[in-house]
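I have placed the structure first, in the form of structure tokens, so that the comments after it can refer back to it.
Order of the sequence lines sets the chain letters (A, B, ...), proteins ahead of strands, with each chain counted from 1. Every value quoted in this text rests on a predicted model; they were computed, and no experiment measured them.
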Number of protein chains: 2
Amino acid sequence: MTESPVPPPPPMHHDSPIYRRIADRLRDQILSGALDDGDRLPGENALMAEYGIARATARQALAVLINEGLAVPRRGSGVYVRLFRPIRRHGSRRLSREQWGRGRAIWDSDTPGRAYAVDEVDLRREPASTPVSRALRCDDVWVRHRRYSVDGRPVQVATSYFPADIVEGSAITLPDPGPGGVYARLDDLGYPPVHFTEEVRARMPQPRETASLDLPAGTPVIVISRIAFAAGGVPVELNEMALDSASYVLQYDFDA
Amino acid sequence: MTESPVPPPPPMHHDSPIYRRIADRLRDQILSGALDDGDRLPGENALMAEYGIARATARQALAVLINEGLAVPRRGSGVYVRLFRPIRRHGSRRLSREQWGRGRAIWDSDTPGRAYAVDEVDLRREPASTPVSRALRCDDVWVRHRRYSVDGRPVQVATSYFPADIVEGSAITLPDPGPGGVYARLDDLGYPPVHFTEEVRARMPQPRETASLDLPAGTPVIVISRIAFAAGGVPVELNEMALDSASYVLQYDFDA
DNA sequence: GAGTGGTCTAGACCACGAA
DNA sequence: TCGTGGTCTAGACCACTCC
């Protein structure tokens, strides 16, 4: 290529910065389907050449899409369009007594026909922190922390708290709580859950969550805080969950 | 490769990059409360001086926190700790017949004692798109788009679709649907909603949503897709909502 | 006017993945 | 080995805020 001694500076509109215009173009191609799930985006070098920009600027454009969760970078390989294949989590049906009453795991209702696993289980007994003791109205709790994976990929981490004076000595304090899970054991103990409240939030993950869910940049977590109540309004479980938002759709049904 | 007399080479992988370590320190200060809502973070110049790094690196550190939604940059001023003052949106109670049956707006139940407003209203009749026609089982729809603000800040945009053959000529096709809102009008028309399903997702916003909700970087949206059914399972409304996740906590109650 | 964040250039070395 | 993205430096000019 002939290097002109007088490089004519391209007239740049300052409507929006270059990196943003480039990101907008790429986003359009993704959302319109011109670039499909798993397709490779033009890389940093390609953008530098195509638009005559510095590397940092090309990176900035790609960073926009990455932070929006539309693309994922793969080191030594490229930047790719991200996919969204959610699990449908049915808010009420999954917790109906029929589920755990028959010795079925709640997860069977979430992931029909898919391979799910409990990756990690951590159990301990400890004094309740302030928010936990306020929710469960007790001083000591058993804590069950676990991670769930579907099709080999982590999708949720959950930490459950149980009043120690209720569950002490039961299978709830063991790694495997047995058929029907912890709710069936609470039933055995005379505290079957009859009512639930769920609080749902969304936010960007904290580093610990990013690590345990192996989240790419630009992926929020859905945070669910659920309290299970036995008869008489006695709280028997507080469950704090963090869900990979790219893996989930929550469904709730109710009457007017 | 000559053996250097100098110290042990770093094993395999080095620690986190500088910008990430700095971000981690600042994050700890935010989450621990040492830096509170609205406090000013050390700026780019301060970080450059404190850590002896280049400006781009300092920016990178701050960008981490901004993309996590923990901090907001203000041009010409500084970077500040972000606040979280959510609206509690009660999934079922708010849609109970008692709400709209007595001419009360649904929003009264979400924002007790706070000033809320419908900022923008857009009305049109159009052919249903494929997903809309699948949900509502009809070909033409009336579309109500509006934006809600609380305490002067936009928190939600919503687009409702109604089967045109049901609502044509009713106040649902007018900017102000009257006391009790659109559900009271559906009741008048002989199609009172008796059942709802909500699908809840979270993701990073698209530019249009960022603009209309005035979202800072690092703020996901909660996307809710709700279908209202009249007796006999007749769908009478599809409502697609996008909520500022920093402004909302969703609450759902149900029995086992 | 001084200081802040926003954008951009032009280099550098590194770790990793694929061929 | 070579191209990819990941990190980092050392500058520059700009628009904006605050005083």
* Presence of salt bridge, A:Arg27 and A:Glu68, under 4.0 angstrom -> yes
* Do B:Arg82 and B:Tyr80 pass the side chain to side chain donor-acceptor pair (under 3.5 Å) test, and can you show the C-alpha distance, the side-chain angles, and the key distance before you say yes or no? -> CA-CA 6 Å; B:Arg82 178 139 178 228; B:Tyr80 297 83; over 6 Å; no
* Distance check: side-chain N/O of B:Asn45 vs OP1/OP2 of C:dG3, anything under 4.0 Å? -> no
* Hey, which sits more toward the 5' end of DNA chain C by its nearest nucleotide, B:Ile66 or A:Arg55? => B:Ile66
* Structure fact -> Separation of C:dG5 atom P from B:Gln60 atom CD, nearest Å, is 16 Å
* Asked: Judged by atom type as modelled, is there a donor-acceptor pair below 3.5 Å linking the side chain of B:Ser212 to the main-chain atoms of B:Arg208?
  -> yes
* Asked: So what does B:Arg40 hit on the nucleic acid, given a heavy-atom distance under 4.0 Å: a base, only sugar-phosphate, or nothing?
  -> sugar-phosphate
* With heavy atoms under 4.0 Å as the rule, sort A:Ile53 into base, sugar-phosphate or nothing. => sugar-phosphate
* Asked: Are A:Asp24 and A:Arg21 ion-paired here, with the side-chain N under 4.0 Å from a carboxylate O?
  -> no
* Structure fact -> Nt span of DNA chain D in reach of chain A heavy atoms at under 4.0 Å, 5' end first, is D:dG3 to D:dT7
* Under 3.5 Å donor-acceptor, A:Thr210 side chain and A:Gln206 backbone -> yes
* Asked: With the threshold set at 4.0 Å, does a side-chain nitrogen-carboxylate oxygen contact exist between B:Arg89 and B:Glu198?
  -> yes
Please tabulate the protein-to-nucleotide N/O contacts below 3.5 Å involving nucleotides 17-19 of chain C, giving atom names and distances.
residue	atom	partner	partner atom	Å
C:dG17	O4'	A:Arg75	O	3.4

* List the steps, then state whether side chain to side chain donor-acceptor pair (under 3.5 Å) holds for A:Ser160 with A:Arg226. => CA-CA 9 Å; A:Ser160 282; A:Arg226 182 177 67 218; over 6 Å; no
* Asked: Would one find more than 12 heavy atoms of other residues, nucleotides or ligands at under 6.0 Å from atom CZ of B:Arg25?
  -> no
